[in-house]
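The structure displayed is predicted, hence computed values, not measured ones.
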Amino acid sequence: MKNSQLLRKGRVSLANHYYNVTLVTYDRQCLFTDLYLNRLLINEMRILEEQDASKTIAFVFMPDHIHWLFQLKMSSSLSCLIRTFKGRCTKQAREQYLIQKLWQPDFYDHLIRDESDLTNCARYIVANPLRASLVKSVAFYPHWDCIYIT
């Protein structure tokens, strides 16, 4: 079985449930060190919220991938939401940065089981730059947000 088929095996799309999704840049290019490109992607997340497709809980932009924890709303399937997000971001990146390919095909997803899983995933996402030794404190890393931390 190909890797993309393995990623999709057992994937479910449940409205009002929470998902932790990882999206990787094409050829693992370190594109997400650019504040303006990251703001563009964050804006696309916000638009999806305004369209009632998702509700972002936490995210972090690592140099070559994104971790995104969100609640899937009733108006969208998981695959459709990610396809829409990746497509819109690619279009913007192509127009504004001349980046032809932004994403690897497919994505990794984890359906959140309970409240404990939700908070653990949020902590994992926020602490990702620390584990990668990008910073000594998340306070010094600009490319993340979490609704639990104000």
Side-chain angles (χ1 to χ4, degrees), residues 1-34 37-93 99 101-135 137-139 141-150:
M1 203 180 280
K2 293 186 343 188
N3 283 345
S4 61
Q5 291 172 316
L6 288 173
L7 286 174
R8 288 189 294 270
K9 185 178 181 183
R11 181 174 287 160
V12 294
S13 187
L14 302 171
N16 298 315
H17 282 72
Y18 296 90
Y19 289 88
N20 182 10
V21 170
T22 302
L23 307 170
V24 180
T25 61
Y26 183 76
D27 282 344
R28 286 231 175 234
Q29 298 174 79
C30 292
L31 299 174
F32 301 137
T33 56
D34 183 287
L37 178 60
N38 293 353
R39 295 303 306 165
L40 183 146
L41 274 62
I42 292 166
N43 188 54
E44 292 302 331
M45 289 177 175
R46 183 188 55 75
I47 291 169
L48 288 169
E49 284 195 33
E50 289 173 356
Q51 295 172 336
D52 205 32
S54 66
K55 168 75 173 130
T56 297
I57 307 303
F59 67 83
V60 66
F61 292 97
M62 300 300 286
D64 65 355
H65 66 280
I66 296 173
H67 295 284
W68 182 19
L69 179 61
F70 59 88
Q71 181 182 29
L72 182 67
K73 296 297 192 158
M74 292 176 17
S75 63
S76 187
S77 74
L78 180 61
S79 292
C80 182
L81 176 81
I82 298 302
R83 184 174 45 254
T84 299
F85 175 73
K86 288 169 83 172
R88 289 177 181 175
C89 293
T90 298
K91 182 177 187 281
Q92 294 288 333
I99 297 170
K101 292 188 176 184
L102 184 58
W103 304 107
Q104 294 277 22
D106 223 328
F107 59 95
Y108 170 81
D109 67 285
H110 167 72
L111 175 66
I112 303 299
R113 295 181 305 275
D114 54 30
E115 189 73 26
S116 173
D117 194 16
L118 182 66
T119 55
N120 286 338
C121 282
R123 286 184 188 119
Y124 172 85
I125 287 169
V126 170
N128 218 270
L130 293 173
R131 280 191 305 284
S133 299
L134 296 177
V135 289
S137 167
V138 294
Y141 195 75
H143 310 298
W144 68 276
D145 199 10
C146 181
I147 65 169
Y148 298 130
I149 301 168
T150 56

Exercise for the section: Not counting sequence neighbours, which residues clear side chain to side chain donor-acceptor pair (under 3.5 Å) with Glu49? List them please. Expected result: Thr56

Handout entry: Side chain to side chain, Phe70 and Met45, heavy atoms closer than 4.5 Å
Key = no

Practice task
May I ask you to test the Leu48-Arg88 pair for a side-chain heavy-atom distance under 4.5 Å?
Solution key: yes

Problem - Non-hydrogen atoms of His110 and Cys121 that approach each other most closely - result: CD2-SG, 4.0 Å

Handout entry: Leu23 side chain reached by Phe85 side chain, heavy atoms, under 4.5 Å
Key = yes

Completion exercise
Contacts of His17 meeting side-chain contact (heavy atoms from CB on, under 4.5 Å) (sequence neighbours excluded), chain-then-number -> Leu14, Tyr19, Leu111

Problem - Donor-acceptor contact below 3.5 Å, side chain Asp114 vs main chain Ser116 - result: yes

Practice task
For atom CZ of Arg46, decide whether the heavy atoms of other residues, nucleotides or ligands shown that lie under 6.0 angstrom number more than 12.
Solution key: yes

Handout entry: Closest non-hydrogen atom pair, Leu81 against Ala53
Key = CD1-CB, 3.7 Å

Fill in the blank from the handout: When rounded to the nearest 0.5 Å, the distance separating NZ of Lys73 from CD of Gln51 is 13.5 Å

Practice task
Please report the closest heavy-atom contact between Asp34 and Leu37, naming both atoms and the distance.
Solution key: OD1-N, 2.7 Å

Practice task
State whether the side chain of Lys86 and the backbone N or O of Gln104 hold a donor-acceptor pair below 3.5 Å, judged by distance alone.
Solution key: yes

Completion exercise
Residues Leu40 and Cys89: closest non-hydrogen pair is CD2-O, 4.3 Å

Handout entry: Heavy-atom check, side chain of Asn20 versus side chain of Asp117, under 4.5 Å
Key = no

Exercise for the section: Determine the sole option in Trp68, Tyr141, Trp144, Trp103 for which the ring pair (Phe, Tyr, Trp, His ring centres under 6.0 Å) test with Phe32 is passed. Expected result: Trp103

Exercise for the section: Check whether any side-chain heavy atom of Val138 lies under 4.5 Å from a side-chain heavy atom of Val60, and answer yes or no. Expected result: no

Fill in the blank from the handout: Across all chains, not counting sequence neighbours, the salt bridge (charged side-chain N to carboxylate O under 4.0 Å, His left out) partners of Arg28 are Asp64

Problem - CD-CD1 distance between Gln71 and Ile112, expressed to the nearest 0.5 angstrom - result: 11.5 Å

Completion exercise
Hits for salt bridge (charged side-chain N to carboxylate O under 4.0 Å, His left out) against Lys91, two or more places apart or cross-chain, chain-then-number order -> Glu95

Problem - With Tyr26 via ring-ring contact (aromatic ring centres under 6.0 Å, His included) - residues at least two apart - result: none

Completion exercise
All heavy atoms of His67 vs all of Ile125, minimum pair found to be CB-CG1, 3.8 Å

Fill in the blank from the handout: Residue set satisfying salt bridge (charged side-chain N to carboxylate O under 4.0 Å, His left out) with Arg123, at least two apart, ordered chain then number -> none

Exercise for the section: Hey, could you give me the CG/OG1 distance between Asp106 and Thr22, rounded to the nearest 0.5 Å? Expected result: 12.0 Å

Fill in the blank from the handout: In short, Leu134 meets Met62 closest at the heavy-atom pair CD1-CE, 3.6 Å

Exercise for the section: For residues Phe61 and Pro142, determine if any side-chain heavy atom of one lies less than 4.5 Å from a side-chain heavy atom of the other. Expected result: no

Handout entry: Any side-chain heavy-atom pair of Val21 and Ile66 under 4.5 Å
Key = no

Exercise for the section: For residues Leu72 and Ser13, determine if any side-chain heavy atom of one lies less than 4.5 Å from a side-chain heavy atom of the other. Expected result: yes

Practice task
Any chance you could lay out the side chain to side chain contact (heavy atoms under 4.5 Å, CB included) test for Asn128 and His65, step after step, and finish with the verdict?
Solution key: CA-CA 11 Å; Asn128 218 270; His65 66 280; 4.1 Å; yes

